[in-house]
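Okay, so here's the structure we're looking at.
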Amino acid sequence: MMIEARGLVRTFKTRKGTVEAVQGVDLQVTDGEIVGFLGPNGAGKTTTMRMLATLIQPTSGSATVAGCDLAKDPVGVRRRIGYVPQGGSTLPEAIAGDEVVDHARLYGVDKRKATADGQRLFEELDLPGLWRRQCKTLSGGQRRRLDIVMGLVHDPKLIFLDEPTTGLDPQARANLWEHIRGLRRRGATIFLTTHYLDEADALCDRILVIDHGKIVASGTPEELKQQVSGDGVRLRLADPAQAPTVTKVVEELPGAVEVETDGDVVGFRIPKGGAILPGLLRQIDAQGIELEGVEVHRPTLDDVFLTMTGRSLRDDSDAKPQNETEKETVA
């Protein structure tokens with residue numbers, strides 16, 4: 001087992017009182033997995049990751065990370081992991097290549113190998129020609145990719161990536177996705193947070209959902225989607241006045257839930273939405289009701305978040321975290 005945590009708790013003292021950022025988290029990550037750790041801002045994602053990476057101490061609980069006890073051997077944990085934080089880790093005046101080599105040498109990598117591996121990663125992550133550039137002259141996306149190089153250059157077997165593709169353009173994101181898959185193929189284990197649901201869906205073998213400091217769901221992307229009550233169906237009416245009639249028809253369908261009317265649209269969820277649609281349309285047509293459009297969509301990870309937390313991850317993605325940006329003091 002690459003990560004095994006039991007009852008992790010972290011409290012902070014803030015100007016408003018004590019905040020329980022993480023409230024008894026249990027989690028397991030096996031060797032070679034890519035695990036997504038997702039939740040709304042302020043849910044405890046970064047706090048949990050920082051505890052597992054030895055950057056802050058748990059208030060209580062225990063964990064084994066990369067074969068080392070988190071409390072008894074934090075140095076052993078640090079030697080075996082790579083960590084890419086949200087905020088970046090390079091000095092503005094430093095030369096990009098020097099930062100990478102110095103970082104690798106802290107892990108005992110000799111200078112020649114560190115240089116060769118760093119330059120290879122620069123090519124793989126679309127940073128050619130930037131080895132001797134000052135960090136402050138790089139664009140935001142280039143600095144983000146440099147952060148990732150620094151987290152990978154010592155070839156760790158467990159890699160923590162906190163919002164790794166924030167600030168990257170679509171091409172750079174796709175490039176990094178493929179690099180992450182390549183790391184897993186070479187035996188690395190990846191534990192990442194992200195606000196991009198397509199990223200979690202495409203990359204992760206398993207997803208953990210955290211909300212208000214507690215794990216509220218766990219499973220593969222498909223397993224989590226199956227917990228949402230059926231497919232979403234939206235019927236757009238030519239005449240909004242006929243919405244009550246259509247709503248009554250829909251409510252009589254076996255398995256229909258979350259039936260809602262919004263102006264000229266009647267929406268609901270039902271298992272196997274595509275299969276029930278022909279019969280439903282015949283019923284509506286028989287009553288002389290004209291439709292302007294019909295949509296059916298399978299559950300998404302955003303639907304999972306809405307079901308599990310009452311919030312959409314997309315809607316919350318630009319909000320500033322609360323309990324994770326307060327001045328931290330151990331309670």
Side-chain angles (χ1 to χ4, degrees), residues 45-47 49-57 65-66 74-180 182-183 186 188-196 199 320-321 324-325 327-328:
K45 302 185 302 298
T46 296
T47 299
M49 181 177 281
R50 293 180 70 202
M51 283 193 286
L52 294 173
T54 76
L55 296 176
I56 55 175
Q57 293 182 350
V65 179
V75 173
V77 173
R78 291 174 199 143
R79 286 174 176 162
R80 291 166 173 79
I81 67 171
Y83 176 71
V84 180
Q86 286 187 42
S89 54
T90 57
L91 297 173
E93 304 294 333
I95 301 299
D98 292 348
E99 287 281 77
V100 171
V101 172
D102 289 347
H103 185 82
R105 295 190 71 185
L106 290 173
Y107 285 87
V109 181
D110 69 67
K111 186 175 181 179
R112 180 176 296 179
K113 179 173 171 54
T115 300
D117 290 349
Q119 290 177 342
R120 172 181 54 80
L121 287 167
F122 264 48
E123 293 294 328
E124 291 179 358
L125 290 173
D126 197 25
L127 292 170
L130 302 180
W131 187 257
R132 300 307 303 168
R133 287 270 297 274
Q134 281 188 303
C135 296
K136 68 180 182 181
T137 68
L138 305 181
S139 70
Q142 289 168 340
R143 288 196 301 271
R144 191 63 187 142
R145 296 197 295 277
L146 175 58
D147 292 334
I148 292 164
V149 169
M150 292 179 65
L152 302 180
V153 69
H154 56 291
D155 194 26
K157 295 304 179 185
L158 171 61
I159 304 159
F160 292 99
L161 301 174
D162 199 359
E163 306 285 351
T165 62
T166 298
L168 300 185
D169 60 46
Q171 181 178 350
R173 285 182 65 210
N175 181 18
L176 182 57
W177 289 5
E178 189 53 39
H179 194 79
I180 289 172
L183 291 169
R186 294 197 291 269
T189 303
I190 315 292
F191 189 81
L192 65 88
T193 72
T194 180
H195 268 117
Y196 296 114
E199 184 163 277
K320 187 173 289 187
E324 294 185 11
T325 56
K327 185 176 181 180
E328 299 170 359

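In this chain, numbering begins with 1 at the start of the sequence shown.
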Interatomic spacing from CD in E178 to CG in L125 - rounded to 0.5 Å: 12.0 Å
Contact summary for I81 and H154, nearest pair of heavy atoms: O-NE2, 2.9 Å
Flag if over 12 foreign heavy atoms under 6.0 Å of CZ, R79: no
Note, R144 side chain near V84 side chain (heavy atom, < 4.5 Å): yes
Non-hydrogen side-chain atoms of T90 and K136 separated by less than 4.5 Å: no
Within-4.5 Å side-chain heavy-atom neighbours: R78 and Y83: no
Distance-minimising heavy-atom pair for L161 and I190: CD1-CG2, 3.8 Å
Heavy-atom closest pair, residues A188 and P156: CB-O, 4.2 Å
Steps toward side chain to side chain contact (heavy atoms under 4.5 Å, CB included) verdict (Y196, L168): CA-CA 12 Å; Y196 296 114; L168 300 185; over 6 Å; no
side-chain hydrogen bond (donor to acceptor under 3.5 Å, both in side chains) partners of R80, counting only residues at least two apart: none
Donor-acceptor pair, side chain of R50 and main chain of T54, under 3.5 angstrom: no
Verdict with supporting geometry, R186 and D155, side chain to side chain contact (heavy atoms under 4.5 Å, CB included): CA-CA 10 Å; R186 294 197 291 269; D155 194 26; 5.7 Å; no
Please table the atom pairs, donor to acceptor, closer than 3.5 Å between any side-chain atom in residues 99-109 and protein atoms at least two apart or in another chain.
unit_1	atom_1	unit_2	atom_2	d
E99	OE2	L91	N	2.9
H103	NE2	M150	O	3.0

Side-chain atoms of residues 115-123: list all donor-acceptor pairs with protein atoms under 3.5 Å, sequence neighbours left out, distances to 0.1 Å.
unit_1	atom_1	unit_2	atom_2	d
T115	OG1	K111	O	2.9
D117	OD2	K113	NZ	2.9
R120	NH1	E124	OE2	3.3

Contact summary for W131 and I95, nearest pair of heavy atoms: O-CG2, 3.4 Å
Heavy-atom check, side chain of Q142 versus side chain of D126, under 4.5 Å: no
Full working for side chain to side chain contact (heavy atoms under 4.5 Å, CB included) between E199 and R173: CA-CA 9 Å; E199 184 163 277; R173 285 182 65 210; 3.8 Å; yes
For the student: nearest non-hydrogen atoms of L176 and P164, plus distance: CD2-O, 3.9 Å
Closest approach of L138 to L146 (non-hydrogen atoms, all atoms of both residues): CD1-CD2, 4.0 Å
Test item: T193 side-chain N/O and E163 main-chain N/O as donor-acceptor pair under 3.5 Å: yes
Check against side chain to side chain contact (heavy atoms under 4.5 Å, CB included), D162 and L192: CA-CA 6 Å; D162 199 359; L192 65 88; over 6 Å; no
Within-4.5 Å side-chain heavy-atom neighbours: F160 and T189: no
Nearest-0.5 Å distance that lies between atom CZ in R143 and atom OG1 in T137: 9.0 Å
4.5 Å side-chain heavy-atom contact, T165 and W177: yes
